[in-house]
Structure formats: structure tokens, C-alpha cells
Participant: 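So that we are looking at the same thing, I have put the structure below in C-alpha cells.
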Amino acid sequence: MPQFHRHAVLIVAGVLASCTAAPAEEGLACTPTEADAMGPFYVSDTPIVDDLNRHGKSGDPLILSGRILSAEGDNRPIANARIEIWQTDGNGDYHPDNNGAYGDYADEAIDLRGTVLSDEDGQYAVKTLVPGAYFPRPRHFHYRITAPAHAPLVTQLYITGDGVLSQPGGDCRHAALETTTEGLLYEAPDIFLVKR
Ligand SMILES: [Fe+2]
């Protein structure tokens, strides 16, 4: 039985049946979280969502959950972190296949993108799709995280076992997809932010 983040049950109401917060010690070897390229497809100011797949793109439904923690001292949870996530649909396409700001586009053009907030335990969860790969990149989730008293972080998280495509970040920034009775789950590696 995989361990679910407690907050996932609150945000993805009724989708997950049970949960247990993982101990912070699990991520200590991977702190602080390494930065990764922003890439050419960042769109700023995306709305807060509980489902990144805002307009029903095709792909395998997925629940994405994780935690935002401080890289300092006791690795305390960071509440109210703004977690901007963007990714491809199941076919490996971004929407839009471009960058800019949310206001530059019609709402219908913005998909598989959004902002999620962490709760008092540093936890977040959002519905989405399994991202498709686009050569030569392995499947990945783009993250930009901003939080009170901490330095902003731009990074990427990967899915374990993506063939021969290289996965930056070693063991610290990838996790396996888990098949649960409620569907596919990606329990993201903990993200540790450096204080300003
Ligand atoms: Fe990308």
C-alpha cells in the first residue's frame, strides 16, 4: 500500500482512500534540491488549480503529490509555497508550445499548466496526466517554486525507468509511477528550498 500524502485526500476529494505523511529524513541526502533548466515553455501567472488538465487533453490520468520543505536545519515544512507546474500532454505537446504570461493567451490555450499551494504541512496534490516524452527528453514535470523567506527554485522532476533517455538529478529528482486502486500516482520527491 503506497503512502499517500495527507493533503492529497483533502485536495483530490474522495479520490484517495488513505494516507500517511512520509518522514522528512527520507530526503536528507537530496537537500537542497538541485536546480534544472527552465526550458523555453514557461508561462507565468497561471491560475491556481486542482487539475492541471484544465481543458481535457488526452493522456493517462495521474495524481501528482509531494512536499515542499526547508533545506535548513530541521527541514520544516513550508506552508503557502506557490508551486507552478507545467508539462506536456500524453502526446508530448505543450499548451501553448511557447512562453510568456497567462494574460498573453486565450484561457483555452493554457493547459497542463497551473499553480498549486502547499498546506501547513508543506504538502500539495493536483490531478494531471502522465506527461508524454518529446525527443530527446525523458518524461518530466517542470517546477518553479516561490515561498516566503526562501530563494526561488526552478527544477524538473522525472519518472523512474524512462528507457535510455538520461535523467538528470540522479536518485534525488525521479520517482516511479505507482498503480493504486484509485489510479496512477506520482509521489514526487521532496523539494528542499534554500533560505534567502
Ligand atoms: Fe520540458
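As a basis for the values below, the full set of heavy atoms in this structure was taken, side chains included, without hydrogen atoms, waters or symmetry mates. The model shown is predicted, which means the values in this text are computed figures rather than measured ones.
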Participant: What pair of heavy atoms forms the shortest contact from Lys57 to Leu129, and how long is it?
Facilitator: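 Minimum heavy-atom separation between Lys57 and Leu129: O-CD1, 3.4 Å.
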Participant: Is Leu184 reachable from Leu64 through a run of I, L, V, M, F, W or Y residues, each pair having side-chain heavy atoms under 4.5 Å apart?
Facilitator: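 Leu64 clusters together with Leu184.
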Participant: Is there a side-chain contact between Ile145 and Arg82, using heavy atoms and a 4.5 Å cut-off?
Facilitator: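 The answer is no, as the side chains (C-beta and beyond) never meet within the 4.5 Å cut-off.
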Participant: Applying side-chain contact (heavy atoms from CB on, under 4.5 Å), name anything that partners Ser44, two or more places apart in sequence or on another chain.
Facilitator: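 Testing Ser44 for side-chain contact (heavy atoms from CB on, under 4.5 Å), a comparison that skips the adjacent residues, returns Tyr42, Ala101.
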Participant: Evaluate the side-chain proximity of Gln87 to Leu52: yes if any heavy-atom separation is below 4.5 Å, no if none is.
Facilitator: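 The answer is yes; the side chains approach within 4.5 Å.
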Participant: Going by an N to O cut-off under 4.0 Å, is there a salt bridge joining Asp190 and Arg67?
Facilitator: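 Arg67 and Asp190: salt-bridged.
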Participant: Can the ring centroids of Phe141 and Tyr158 be said to lie less than 6.0 angstrom from one another?
Facilitator: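 Distance test on ring centres: not under 6.0 Å, no.
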Participant: Hey, any chance Val194 and Phe192 share a hydrophobic cluster, counting ILVMFWY side chains that come within less than 4.5 Å of each other, even indirectly?
Facilitator: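 Different clusters.
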Participant: Is the backbone N or O of Asp107 less than 3.5 Å from a side-chain atom of His55, with the two atoms forming a donor-acceptor pair by type?
Facilitator: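 The answer is yes, because a donor-acceptor pair under 3.5 Å joins these two groups.
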Participant: Spell out, as yes or no, whether a donor-acceptor pair under 3.5 Å connects the side chain of Asn99 to the backbone of Pro40.
Facilitator: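 Present.
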Participant: Side chains of Tyr124 and Ile68: does their closest heavy-atom pair fall under 4.5 Å?
Facilitator: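 Side chain of Tyr124 against side chain of Ile68, heavy atoms only: contact under 4.5 Å found.
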Participant: Supply the atom-to-atom distance Leu193 CG to Ile78 CD1, rounded to the nearest 0.5 angstrom.
Facilitator: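 The distance works out to 4.0 Å.
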Participant: Below 4.5 Å, heavy atoms only, C-beta onward: do Met38 and Arg144 meet side chain to side chain?
Facilitator: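 When only atoms from C-beta onward are counted, Arg144 and Met38 do touch, with a gap below 4.5 Å.
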Participant: What distance do Tyr186 atom OH and Glu178 atom CD have between them, rounded to the nearest 0.5 Å?
Facilitator: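 It is 10.5 Å, given to the nearest 0.5 Å.
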Participant: Let me see the working for Leu112 and Thr128 under side chain to side chain contact (heavy atoms under 4.5 Å, CB included), right down to the final yes or no.
Facilitator: CA-CA 7 Å; Leu112 281 309; Thr128 185; 3.5 Å; yes
Participant: Could you tell me whether a side-chain N or O of Asn75 sits under 3.5 Å from a main-chain N or O of Ser70, the two making a donor and an acceptor?
Facilitator: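 Such a contact is found between Asn75 side chain and Ser70 backbone.
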Participant: Using a 4.5 Å cut-off on heavy atoms from C-beta on, say whether the side chain of Val116 contacts that of Ile48.
Facilitator: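 Ile48 does not reach Val116 side chain to side chain.
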Participant: Can you tell me how far apart CD1 (Ile110) and CG (Asp45) are? Round to the nearest 0.5 Å.
Facilitator: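 The CG atom of Asp45 is 10.0 Å from CD1 of Ile110, to the nearest 0.5 Å.
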Participant: Is it possible for you to say whether Val126 and Ile159 belong to one hydrophobic cluster, with membership spreading through side-chain heavy-atom contacts below 4.5 Å?
Facilitator: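 Linked, Val126 and Ile159 end up in one cluster.
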Participant: Could you walk me through whether Cys172 and Thr33 pass the side chain to side chain contact (heavy atoms under 4.5 Å, CB included) test, one step at a time?
Facilitator: CA-CA 8 Å; Cys172 292; Thr33 297; over 6 Å; no
Participant: Please check this pair: side chain of Asp119 against backbone of Gly122, looking for a donor-acceptor N/O pair closer than 3.5 Å.
Facilitator: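 Confirmed, Asp119 side chain pairs with Gly122 backbone.
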Participant: Would you confirm whether Glu72, through its side chain, and Lys195, through its main-chain N or O, come within 3.5 Å as a donor-acceptor pair?
Facilitator: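 It does hold such a pair.
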Participant: Donor-acceptor pair, Thr88 side chain versus Gly132 backbone, under 3.5 Å?
Facilitator: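 Pair found, side chain donor or acceptor close to backbone of Gly132.
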Participant: Is the closest basic N to carboxylate O distance between Arg173 and Asp36 below 4.0 Å?
Facilitator: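 A salt bridge is present here (some side-chain N lies under 4.0 Å from a carboxylate O).
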Participant: Please tell me if the side chains of Pro152 and Arg196 come closer than 4.5 Å, counting only heavy atoms from C-beta onward.
Facilitator: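 Result yes, sub-4.5 Å side-chain heavy-atom pair found.
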Participant: Please answer whether the main-chain N or O of Asn53 pairs with a side-chain N or O of Asp51 as donor and acceptor at a distance below 3.5 Å.
Facilitator: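 Yes, the answer is positive, given that a donor and an acceptor are paired below the 3.5 Å cut-off.
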Participant: Do the ring planes of Phe41 and Tyr134 sit parallel (below 30°), tilted (30 to 60°) or perpendicular (above 60°)?
Facilitator: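 Perpendicular, since the angle between the ring planes exceeds 60°.
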Participant: Do the side chain of Thr155 and the main chain of Ala35 share a donor and acceptor less than 3.5 angstrom apart?
Facilitator: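 Such a contact is absent between Thr155 side chain and Ala35 backbone.
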Participant: Would you say Leu157 and Val49 are hydrophobically clustered, going by side-chain heavy atoms of ILVMFWY under 4.5 Å?
Facilitator: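 Yes, Leu157 connects to Val49 through the hydrophobic network.
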Participant: Can you tell me if Arg113 uses its side chain to pair, donor with acceptor, with the backbone of Pro96 under 3.5 Å?
Facilitator: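 Flag set: sc Arg113 to bb Pro96 pair under 3.5 Å.
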Participant: Taking all non-hydrogen atoms of both residues into account, name the closest pair between Ala79 and Ser118 and its distance.
Facilitator: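 Heavy-atom minimum between the residues: C-OG, 3.5 Å.
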Participant: How long is the span from the CZ atom in Arg76 to the CG atom in Leu69, to the nearest 0.5 Å?
Facilitator: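 CG of Leu69 is found 10.0 Å from CZ of Arg76.
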Participant: How long is the straight-line distance from CD1 of Ile83 back to CD1 of Ile191, given to the nearest 0.5 Å?
Facilitator: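 So the gap between those two atoms works out to 7.0 Å.
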Participant: Quick one: are His142 and Tyr94 in side-chain contact, heavy atoms under 4.5 Å?
Facilitator: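 The answer is yes; the side chains approach within 4.5 Å.
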Participant: About how many Å separate CD of Glu108 and CZ of Arg54, when rounded to the nearest 0.5 Å?
Facilitator: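 If we round to the nearest 0.5 Å, Arg54:CZ and Glu108:CD are 8.5 Å apart.
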